[in-house]
Undergrad: 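Starting off with a structure, shown below.
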Amino acid sequence: MAMASLFRFLLLLHVISSGSFQTAVGIGIGINYGQLANNLPPPSDVLSLLKTLKVTRVKLYNPDSDTLTTFANTGIEFMVGVRNEDLQRISDPTQAQLWVQQNIRPHTPQTKITSISVGNEILGSSNNQYAPFLLPAMQAISGALTNLGLSDDIYVTSAHSYAILENSYPPSSGSFKQVFVGDIKGILDFHSRTNSSFLINAYPFFAYKDNPAQIPLNYSIFEPSKGMTDNLTNLHYDNMLYAQIDAVYSAMKLLGHTDVRVRVSETGWPSKGEPDEVGATTENARLYNGNLLKRMEKDRGTPANPDKPIDIYIFALFNEDLKPGPISERNYGLLYPNGTPVYEIGLRDDGSHGFVLPQMEYSSSTKNVMFSNVLLLLLMCSL
């Protein structure tokens with residue numbers, strides 16, 4: 001189906017005004033808008049799609065000028081990335097100020113840039129060579145924002161791989177790998193001083209893929225399971241993602257910080273993978289992302305942190321055909337590049353209120369966190 005036809009169908013759904021549907025579309029969501037592909041629609045088409053879906057927050061991996069210009073005066077919030085290869089240069093305060101002047105200042109305030117993510121998965125990955133420049137680059141960008149009068153509106157952070165954890169089980173025993181403790185302590189001190197968030201890329205898929213005999217699939221994809229109980233806190237977890245988040249909070253506490261919020265900058269499930277990538281199927285991706293969005297719509301905190309809202313950016317908007325690595329890396333998208341859904345997710349037509357979510361019951365703690373399920377509308381369309 002052509003992108004324009006999909007837009008028209010979604011716009012038709014958008015005008016449905018009965019109560020249950022209004023509730024479904026009234027809240028915003030976060031999405032990763034990756035651009036490592038040679039067949040993606042232009043930013044103007046993406047804007048039309050995201051506006052129709054009421055997506056209010058986008059994570060962009062580089063300061064793409066065309067995208068930021070296109071999204072001016074839309075109210076959509078952007079987290080803009082600094083590329084890993086730019087960290088050494090950006091760690092120089094003069095170069096950091098030039099980067100902000102060239103890539104951020106021209107787009108504010110008309111484009112709502114709310115944060116800058118300095119590097120992606122520098123610690124605990126193949127990007128370790130950039131580690132000495134990470135905190136200095138964060139500090140330099142923060143200083144540049146202050147100098148240019150932008151620090152009240154834009155905060156600085158960095159997205160981390162879950163591989164920085166030494167231990168995550170049980171969640172109350174979470175700890176960081178000793179080799180990264182010095183770096184992470186400095187980063188947490190920075191977040192505490194600047195009132196900014198610690199970002200983690202958390203993928204239950206990786207844990208399940210590596211140990212499917214020990215980790216139940218249902219526990220990994222938010223399906224009903226017996227879950228697990230932390231024997232130190234007696235808290236019960238019915239899904240792995242929430243346990244992963246609480247393990248990060250526990251690791252941060254060991255370094256003296258209970259004052260920094262954790263945000264999940266990436267999470268998702270691939271719809272296709274290599275033969276040895278157990279669990280990488282369309283059905284599991286449909287269940288993971290669909291159940292996650294329903295869970296967000298239910299406004300839940302984690303068992304150990306019921307008063308700390310869960311904030312998640314789904315990975316990713318599109319399949320990206322130029323991403324390196326195994327097949328799964330090119331198949332995390334909710335959409336194909338032509339705008340059609342990769343799979344449908346858990347919506348039903350109740351005959352009177354348009355498309356609404358089925359009801360689900362959960363065991364974790366309650367917290368009013370504004371996060372939408374409206375992206376599911378797109379994934380119901382098999383046109």
Undergrad: Show the nearest heavy-atom pair for residues Gly325 and Arg330, with the distance to one decimal.
TA: O-NH1, 2.9 Å
Undergrad: For a side-chain hydrogen bond (donor to acceptor under 3.5 Å, both in side chains) with Thr267, tell me which candidate from Tyr313, Tyr203, Tyr288 qualifies.
TA: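 That would be Tyr288; it is the only one of Tyr313, Tyr203, Tyr288 passing the side-chain hydrogen bond (donor to acceptor under 3.5 Å, both in side chains) with Thr267.
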Undergrad: Tell me yes or no: between the side chains of Asp230 and Tyr169, is some donor less than 3.5 Å from an acceptor?
TA: no
Undergrad: Can you confirm whether the side chains of Glu121 and Asn127 place a donor and an acceptor under 3.5 Å from each other?
TA: no
Undergrad: If the plane angle is over 60° it's perpendicular, under 30° parallel, otherwise tilted; pick one for Tyr332 and Phe205.
TA: perpendicular
Undergrad: Please examine the side chains of Pro326 and Glu277, heavy atoms only from C-beta on, and report whether any two atoms are closer than 4.5 Å.
TA: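 Glu277 vs Pro326: side chains touch.
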Undergrad: Establish, yes or no, whether the cationic atom of Arg261 lies under 6.0 Å from the six-membered ring centre of Tyr249 and within 45° of the ring axis.
TA: no
Undergrad: Between Arg295 and Asp238, is there a salt bridge with N-O shorter than 4.0 Å?
TA: yes
Undergrad: So does Thr94 get a backbone contact from the side chain of Trp99, meaning a donor-acceptor N/O pair under 3.5 Å?
TA: no
Undergrad: Under a 3.5 Å distance rule, please check whether Asp92 uses its side chain to pair with a backbone N or O of Arg89 as donor and acceptor.
TA: no
Undergrad: Would you say the side chain of Tyr155 lies within less than 4.5 Å of the side chain of Asn195, judging by non-hydrogen atoms?
TA: no
Undergrad: Met138 versus Phe190: any side-chain heavy-atom pair under 4.5 Å?
TA: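 Side-chain contact under 4.5 Å: yes.
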Undergrad: Below 4.5 Å, heavy atoms only, C-beta onward: do Phe176 and Leu255 meet side chain to side chain?
TA: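 Yes, their side chains come closer than 4.5 Å.
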Undergrad: Evaluate salt bridge (charged side-chain N to carboxylate O under 4.0 Å, His left out) for Asp189 paired with Lys185, printing each intermediate quantity in order.
TA: CA-CA 6 Å; Asp189 290 344; Lys185 179 64 166 61; 3.1 Å; yes
